[in-house]
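Reviewing the structure listed below.
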Amino acid sequence: MSKKTVFIQGPISAEFIGNSIAKHQSKTTIGAHNIFLGQVRADAIEGNFVSAIDYTAYEEMANEKLDEIRERAFAQFDLICMHIYHSLGVVKAGEICLFVFVSATRRKQVYAATEAIVNWVKTEVPIFGKELFENETFTWKKNN
C-alpha cells in the first residue's frame with residue numbers, strides 16, 4: 001500500500017475538501033461517501049477562551065499508526081477509499097483540523113467506518129494539541 005499524505009500545514013481548507021470529493025466522481029462503483037470534519041472550538045477553560053490549537057506530532061510514529069488504522073479499516077469494513085488528513089501547526093477556532101473521508105459501495109459501511117476511524121485517530125495516534133488562549137497562555141489538549 002502506498003504512503004498517503006496525512007499531515008497538512010495549518011487548517012484544512014474548504015477548497016481542499018471539495019477537491020477531494022470531486023476526485024472521487026470518476027469512481028463509479030462508489031455508492032456512498034461519509035465525511036467527518038473536526039473543527040477547533042473556542043472552548044472556555046478556567047475563564048480563558050481558546051483562540052487556536054497548535055498541533056504537533058511524532059510524524060514517523062503517527063504515520064505508522066495511521067497505516068495500521070488504514071489497514072484495520074479496510075479489513076473491518078467493506079471500503080473502496082479511505083482518507084485521513086490532520087493539521088499540523090496553528091489552526092484558529094472555527095477552522096478545520098481533521099478530515100476523515102470514507103467511500104464504499106453502500107451507505108451502512110461508511111457510517112460505522114467513519115466513527116471507528118475517528119475514534120482510533122483520537123485515541124491511538126501521537127498528535128498533540130497545545131490550546132492557545134486569547135490571553136497568550138496555553139494548556140495541553142486532552143482528547144475525548
Side-chain angles (χ1 to χ4, degrees), residues 1-25 27 30-104 106-144:
M1 202 174 282
S2 65
K3 292 284 179 210
K4 301 272 188 185
T5 301
V6 172
F7 293 110
I8 293 176
Q9 202 59 44
I12 301 168
S13 70
E15 181 182 34
F16 181 87
I17 295 163
N19 288 338
S20 296
I21 295 166
K23 287 177 189 173
H24 288 75
Q25 291 175 328
K27 299 178 182 183
I30 293 172
H33 300 289
N34 199 28
I35 291 173
F36 173 85
L37 300 175
Q39 178 172 303
V40 173
R41 290 183 313 274
D43 283 348
I45 301 171
E46 296 176 14
N48 295 312
F49 286 93
V50 173
S51 61
I53 298 178
D54 186 0
Y55 289 100
T56 55
Y58 292 121
E59 285 188 58
E60 193 173 325
M61 285 174 59
N63 280 316
E64 284 178 23
K65 262 298 178 199
L66 290 160
D67 286 343
E68 289 174 22
I69 288 170
R70 189 174 290 109
E71 287 176 24
R72 192 181 331 157
F74 276 102
Q76 193 168 327
F77 304 99
D78 188 18
L79 301 179
I80 294 173
C81 292
M82 188 209 94
H83 305 278
I84 301 169
Y85 300 99
H86 200 295
S87 295
L88 289 180
V90 176
V91 181
K92 294 177 186 164
E95 294 179 325
I96 303 300
C97 57
L98 175 60
F99 172 30
V100 175
F101 182 23
V102 299
S103 306
R106 308 221 175 264
R107 73 180 180 277
K108 282 187 180 181
Q109 289 296 308
V110 298
Y111 295 127
T114 303
E115 184 173 12
I117 292 163
V118 170
N119 288 334
W120 295 335
V121 169
K122 289 286 205 175
T123 58
E124 298 176 21
V125 182
I127 298 171
F128 309 98
K130 185 193 293 187
E131 292 179 306
L132 307 176
F133 296 119
E134 290 172 338
N135 68 1
E136 298 184 12
T137 61
F138 71 89
T139 188
W140 288 99
K141 181 169 177 45
K142 292 166 188 64
N143 279 334
N144 46 10

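Quick note: numbers below take in every heavy atom, side chains included, and nothing from hydrogens, waters or symmetry partners.
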Inset, instruction - Could you grab the distance from atom CD1 of I8 to atom CG of L88, nearest 0.5 Å is fine? - result: 9.5 Å

Inset, instruction - For residues I12 and S87, report the shortest heavy-atom separation together with the two atoms involved. - result: CG1-OG, 3.7 Å

Legend entry - side chain to side chain contact (heavy atoms under 4.5 Å, CB included) between H83 and K23, intermediate numbers included: CA-CA 12 Å; H83 305 278; K23 287 177 189 173; over 6 Å; no

Inset, instruction - Name all residues meeting the side chain to side chain donor-acceptor pair (under 3.5 Å) criterion together with S103; count only those two or more places apart in sequence or in a different chain, and write none if there are none. - result: H33

Inset, instruction - Please identify each residue that fulfils salt bridge (Lys or Arg N to Asp or Glu O under 4.0 Å) with D43, with sequence neighbours left out. - result: R41

Inset, instruction - Give, for atom CD1 of I80 and atom CZ of R106, the distance between the pair rounded to the nearest 0.5 Å. - result: 10.0 Å

Which donor-acceptor pairs under 3.5 Å do the side chains of residues 91-98 make with protein atoms, sequence neighbours left out?
unit_1	atom_1	unit_2	atom_2	d
E95	OE1	K92	N	2.7

Inset, instruction - For residues A52 and V90, report the shortest heavy-atom separation together with the two atoms involved. - result: CB-CG1, 3.8 Å

Legend entry - side-chain contact (heavy atoms from CB on, under 4.5 Å) partners of N48, counting only residues at least two apart: F133, N135, T137

Legend entry - CG-CZ distance between N63 and R70, expressed to the nearest 0.5 angstrom: 8.5 Å

Legend entry - Partner residues of N19 under the side-chain contact (heavy atoms from CB on, under 4.5 Å) criterion, sequence neighbours left out: E15

Legend entry - I35: partners by side-chain contact (heavy atoms from CB on, under 4.5 Å), with sequence neighbours left out: I21, L37, F99, F101

Inset, instruction - Identify the two heavy atoms, one from I84 and one from I69, that lie closest to each other, and give their separation to 0.1 Å. - result: CD1-CG2, 4.2 Å

Legend entry - Smallest separation among heavy atoms of I127 and A57, with atom names: CG1-CB, 4.1 Å

Inset, instruction - Please report the shortest heavy-atom distance between A62 and F7, naming the atom on each side. - result: CB-CZ, 3.6 Å

Legend entry - salt bridge (Lys or Arg N to Asp or Glu O under 4.0 Å) partners for R72, two or more places apart: E124

Legend entry - Residues that S20 engages under side chain to side chain donor-acceptor pair (under 3.5 Å), provided they are two or more places apart: none

Inset, instruction - Kindly give the heavy-atom pair with the smallest separation between L79 and Q109, and that separation in Å. - result: CD2-O, 4.5 Å

Inset, instruction - Mind checking side-chain contact (heavy atoms from CB on, under 4.5 Å) for A116 and listing every partner two or more places apart, or none if nothing turns up? - result: F77, W120

Legend entry - All salt bridge (Lys or Arg N to Asp or Glu O under 4.0 Å) counterparts of E59, not counting sequence neighbours: none

Legend entry - Where at least one partner belongs to residues 129-138, residue pairs that pass salt bridge (Lys or Arg N to Asp or Glu O under 4.0 Å), sequence neighbours excluded: none

Inset, instruction - Write out all pairs satisfying ring pair (Phe, Tyr, Trp, His ring centres under 6.0 Å) with one or both partners inside residues 49-70, taking only residues at least two apart or from two chains. - result: Y55-H86, Y58-F128

